[in-house]
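These notes concern the structure reproduced below.
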Amino acid sequence: MKRILTVLALGFVLMSFQIITTQVKIKVMNNLGKVEEGVRVRLYKTEEDYKSEKNMVEEHYTDAKGYVTFKNLDPIAYYINAVKDNKNNYGNGEKTEPLKEKQINKMTVIIQE
């Protein structure tokens with residue numbers, strides 16, 4: 001009985017650990033400081049791909065709180081393209097710092113007309 005309880009306790013401990021992959025969580029706000037829902041956010045690995053809008057890594061849309069999360073990334077710097085209607089982030093946070101491996105990296109991007 002004691003052995004079964006030990007095995008169960010060990011199972012619960014192992015289940016509580018989450019394997020965190022390299023991620024970036026981006027908050028998108030407008031130039032008035034309000035969060036923006038429904039912003040299309042794309043990541044690119046190179047400046048050339050970013051400028052030509054080719055070979056994107058991934059695309060997501062911000063939630064009601066203005067957040068979007070990209071998971072399973074390489075620990076490198078990425079170029080960000082955030083667009084909603086006539087607003088974008090050109091000139092405002094277009095590139096991340098190199099991401100820290102196996103962590104949730106966080107940043108804010110501002111979009112404006």
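No experiment lies behind these values; they were computed from the predicted model shown. The figures that follow rest on heavy atoms only: side chains count, while hydrogens, waters and symmetry mates do not. Residue numbers count from 1 along this sequence.
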**Asked** At their closest point, which heavy atom of E36 faces which heavy atom of N30, and how far apart are they?
**Response** OE2-ND2, 3.0 Å
**Item:** L99 reachable from V28 in the ILVMFWY side-chain graph, under 4.5 Å edges
**Value:** yes
**Asked** Do N89 and I80 have side chains that get closer than 4.5 Å, going by heavy atoms?
**Response** yes
**Request:** Report the residues that fulfil side chain to side chain donor-acceptor pair (under 3.5 Å) with Q103, sequence neighbours left out, ordered by chain and then residue number.
**Result:** none
**Prompt:** Is the number of heavy atoms from other residues, nucleotides or ligands within 6.0 Å of CD (E58) greater than 12?
**Reply:** yes
**Request:** Any pair with a residue in residues 64-81 that passes salt bridge (Lys or Arg N to Asp or Glu O under 4.0 Å), sequence neighbours left out, goes on the list, sorted by first then second residue, please.
**Result:** K45-D74
**Message:** Tell me if a side-chain donor or acceptor on N88 pairs with a main-chain N or O of Y90 at a distance below 3.5 Å.
**Reply:** yes
**Request:** Apply ring-ring contact (aromatic ring centres under 6.0 Å, His included) to F70 and list each qualifying residue two or more places apart in sequence or on a separate chain.
**Result:** H60
**Asked** T21 side chain to K102 main-chain N or O, any donor-acceptor pair under 3.5 Å?
**Response** no
Would you give me the side-chain donor-acceptor pairs under 3.5 Å for residues 37-44, sequence neighbours excluded?
| from | atom 1 | to | atom 2 | distance (Å) |
| --- | --- | --- | --- | --- |
| R40 | NH2 | N81 | OD1 | 3.1 |
| R42 | NE | E59 | OE1 | 2.6 |
| R42 | NH2 | E59 | OE1 | 3.0 |

**Request:** Report yes or no: do V24 and Y79 belong to one cluster of Ile/Leu/Val/Met/Phe/Trp/Tyr joined by side chain heavy-atom distances under 4.5 Å?
**Result:** no
**Prompt:** Do M29 and K27 have side-chain heavy atoms sitting under 4.5 Å apart?
**Reply:** yes
**Request:** Starting at CD1 of I26, measure out to OG1 of T69 and round the result to the nearest 0.5 Å.
**Result:** 8.5 Å
**Message:** If you compare all heavy atoms of K100 against all heavy atoms of N105, which two are closest, and at what distance to 0.1 Å?
**Reply:** N-OD1, 2.8 Å
With a 3.5 Å cut-off and sequence neighbours excluded, list the donor-acceptor pairs that the side chains of residues 106-113 form with protein atoms.
| from | atom 1 | to | atom 2 | distance (Å) |
| --- | --- | --- | --- | --- |
| E113 | OE1 | N86 | ND2 | 3.4 |

**Prompt:** Taking the six-membered ring of Y78, is NZ or CZ of K95 closer than 6.0 Å to its centre and within 45° of its axis?
**Reply:** no
**Message:** Nearest 0.5 angstrom please: K84 NZ to T62 OG1, how far?
**Reply:** 6.5 Å
**Message:** Return the OG1 to CD1 distance between T96 and I76, rounded to the nearest 0.5 Å.
**Reply:** 8.0 Å
**Request:** Only counting residues at least two apart or in another chain, list the ones meeting salt bridge (Lys or Arg N to Asp or Glu O under 4.0 Å) with E94.
**Result:** none
